Amino acid sequence: MQVFLLRRSLGFLATLFAVSVIVFLVMNVLPGDPAVTILGIDSTEDARAALRAELGLDRPLWQRYGAWVWDAVRGDFGTSYFFRVPVSELIAERLPLTLPLAAFGMLATVTLGVTLGIIAAAQHGRPGDWAIMLLSQLGIAIPAFWLSILLVLLFAVKLRWLPPGGFPGWDDPVLALRSLILPTAALALVQSAVLARVTRSSALEVMRLDFVRTARATGLAPRRILGRHILPNALVPIVTIVGMQVAGVVTGTIVIENVFYLPGLGRLVFQSIANRDLFTVQALVVLFAAIVVTANFLVDIAYVLIDPRLKGRLA
Amino acid sequence: MIRASGITVRFGSHAALRDVSLQLDPGQRLGIVGESGSGKSMLGLTLMGMLPSSAKLDGQLHVDGQDMSTAADRQWRSLRARRVAMVFQEPASALNPLRRVGDTVMEPLRLHLRLDRKAAQQRMLELLDETGIQEPALKARQYPHELSGGQRQRVLIALALACDPALLIADEPTTALDAHVGLRITELLVRLARDRGMALVFISHDLAAVARTVDDVAVMYGGEVVERGPVAEVLRAPQHPYTQGLLAARPPLDAGQLRRRLPVVPGNVPAMADLPLGCRFAGRCHVELPRCAATRPSETSLSPGRSAACHHLPDPSI
């Protein structure tokens with residue numbers, strides 16, 4: 001167990017390092033100059049040069065990267081070129097929107113995906129199964145941003161049940177939650193369509209196994225067999241996909257927050273890339289990578305909690 | 001307690017069981033023997049109401065006086081475990097791999113007998129002990145993959161016995177086990193049936209295992225019962241050519257005879273699709289009469305409790 005944790009921690013750091021190097025290089029290869037973005041296109045070359053020197057942009061690439069890592073290790077992620085505030089402040093300000101949004105997105109994905117998948121498996125070959133499979137096929141085919149627009153048109157513009165976008169802050173939790181309903185749905189519908197399919201096929205595979213026959217011979221009701229015997233045994237592939245979907249939902253916030261005008265981390269990533277705001281992009285991408293790697297780590301732990309036969313994996 | 005007559009199970013146009021009749025009294029031990037594909041497992045599933053949904057059942061089936069021939073799954077569920085229980089062939093895969101075996105055995109105790117957690121646990125440990133599991137408290141906390149094949153089969157028997165059924169159906173319970181472990185399991189089944197006054201249907205292709213486990217035996221071939229009677233009589237003086245062939249195909253016990261080639265019943269069990277119209281054994285039989293291929297022999301009573309379905313019975317009066 002300790003060896004496992006140590007190995008995973010090293011892998012965690014190596015992943016973050018690789019991600020930060022790649023982002024740093026890509027941001028420098030991209031055309032565009034932060035000084036121009038900040039000062040405007042009619043600024044003088046002298047003013048731009050002064051600003052570059054102030055931001056440290058005149059130093060060689062490796063020096064800038066080294067300085068960034070050195071500061072980051074000590075908890076200082078630099079100052080945003082564009083907003084002129086520490087990046088950590090920017091993140092702290094927007095985390096209370098993106099974190100709940102991603103969490104609701106995952107919660108809705110798992111609830112909807114697993115429930116529909118299990119119902120489809122229980123109804124295998126009957127109309128309920130066909131209907132769910134058809135819906136999930138649609139869900140997989142529809143792009144999330146387009147679905148978002150449809151949801152806004154229907155629930156905000158036509159029915160006027162929910163706000164079309166924006167976020168009022170958590171001062172009024174009810175209003176805040178209402179404004180997160182459509183974004184959550186947009187995040188979760190596509191992902192849950194994938195999950196429903198995985199759940200269904202995994203459950204169908206387990207249904208054929210001998211212990212399910214034993215459970216029937218024990219006189220257990222179909223619902224109990226499904227919930228207590230089939231579902232737990234179908235969980236390993238489901239958990240694998242859920243782990244990958246954390247990445248999908250986290251990166252999905254970039255698109256969704258832009259469609260719904262939510263001032264969260266996803267929108268911040270988008271703005272920062274457009275503004276060539278290197279330190280902000282750098283910190284956000286590393287943060288997203290950390291979330292995804294942590295999710296995968298939790299998936300590995302979950303495998304062992306689900307299946308006692310996999311205890312050897314932690315060695 | 002079980003009265004089955006004229007049981008026919010069809011999958012589309014193919015009959016997996018044809019005109020099978022069976023009577024089972026409390027405490028009776030009945031063996032079902034036959035090759036793979038003879039329909040013996042299908043018969044076991046029929047008695048549990050667990051035929052695949054694509055199967056069509058005809059005939060009369062009474063369990064405890066209730067007509068179950070057309071019963072829905074819900075009705076069968078109230079009989080399973082409480083009146084009729086079943087143990088399957090592969091103990092390695094017949095237990096939920098994610099559950100401690102003690103929890104598996106406790107499930108019917110909690111659900112069907114509505115015992116509270118403590119009482120169920122107590123009863124579970126007694127059941128494991130009764131089925132010959134050493135250190136039941138320790139084993140109950142283990143997962144199936146931590147137990148041996150014989151121990152898993154004992155757990156499955158304990159599970160089947162949980163609600164004190166009147167009939168236990170054991171479908172090839174020893175086939176996947178080492179010979180000496182299988183021997184212990186058959187001994188256990190006989191002891192349990194005797195102690196509890198429980199009826200036992202023992203399905204096997206192993207004639208030696210059947211001989212030491214049951215009182216009566218039914219020999220199945222091609223979905224039909226071709227011969228039945230007290231096990232000692234059937235094995236000593238088989239009347240149906242198929243039973244004779246099965247007995248001749250047993251490996252001899254003394255080494256001197258082992259040099260001989262093992263006799264076999266020639267040919268294969270016919271596929272369900274191309275079963276002969278008449279006697280299903282026609283084509284593999286060593287005494288074949290012209291009418292064998294044309295008309296189906298019916299079960300002829302030879303003596304009380306003894307019968308065979310063959311056109312060529314040596315002496316109908318024995």
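On a predicted model such as this, the values are computed, not experimentally measured, just so you know. A note on names: the letters A, B, ... follow the listed sequences, proteins ahead of strands, and every chain is numbered from 1.
By number of non-hydrogen pairs under 4.5 angstrom with chain A, the leading residue of B:His112, B:Met48, B:Arg100, B:Gln89 is B:His112. Chain A forms more heavy-atom pairs under 4.5 Å with one residue of B:Ala162, B:Cys163, B:Ala94 than with any other, namely B:Ala94. The candidate from B:Glu146, B:Arg77, B:Arg99 with the greatest count of non-hydrogen atom pairs under 4.5 Å with chain A is B:Arg77. Each of B:Ala85, B:Pro97, B:Pro108 has some count of heavy-atom pairs under 4.5 Å with chain A, and the biggest count is that of B:Pro97. In terms of heavy-atom pairs under 4.5 Å with chain B, the best-connected choice from A:Leu220, A:Asp307, A:Leu209 is A:Leu220. Looking only at heavy-atom pairs under 4.5 Å with chain A, the residue among B:Ser78, B:Ser93, B:Ala81 that has the most is B:Ser93.
Interface remark: A:Arg224 contributes side-chain atoms only to the contact with chain B (heavy atom separation under 4.5 Å). Residue contact with chain A, scored on non-hydrogen atoms closer than 4.5 Å, involves the backbone and the side chain of B:Met50 alike. If you measure heavy-atom distances from B:Leu98 to chain A, the contacts under 4.5 Å come from both the backbone and the side chain. With a 4.5 angstrom heavy-atom cutoff, A:Ala221 touches chain B via backbone and side-chain atoms both. Looking at B:Glu107, only its side chain comes within 4.5 Å of chain A, counting heavy atoms on both sides. Residue B:Arg74: no heavy atom, backbone or side chain, is found under 4.5 Å from chain A.
No donor-acceptor distance shorter than 3.5 angstrom exists from the side chain of B:Arg3 to the backbone of B:Asp67, with no hydrogens or angles considered. At distances below 3.5 Å, at least one donor-acceptor pair connects side-chain atoms of B:Asp116 with backbone N or O atoms of B:Ala119.
The existence of a salt bridge linking B:Asp171 and B:Lys40 is excluded, since no basic side-chain nitrogen approaches an acidic carboxylate oxygen closer than 4.0 Å.
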Step-by-step salt bridge (charged side-chain N to carboxylate O under 4.0 Å, His left out) determination, B:Glu130 to B:Arg191: CA-CA 10 Å; B:Glu130 191 184 353; B:Arg191 178 168 62 74; 5.7 Å; no
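Under the side chain to side chain contact (heavy atoms under 4.5 Å, CB included) rule, B:Phe202 has a single partner from B:Ile32, B:Ile169, B:Leu30, B:Thr186, which is B:Thr186.
Taking the ring axis of B:Phe88 as reference, the NZ or CZ atom of A:Arg213 stays within 45° of it and closer than 6.0 Å to the ring centre.
With 3.5 Å as the limit, one finds no donor-acceptor pair spanning the side chains of B:His145 and A:Arg309. Side-chain atoms of B:Glu35 and B:His205 include no donor-acceptor pair closer than 3.5 Å.
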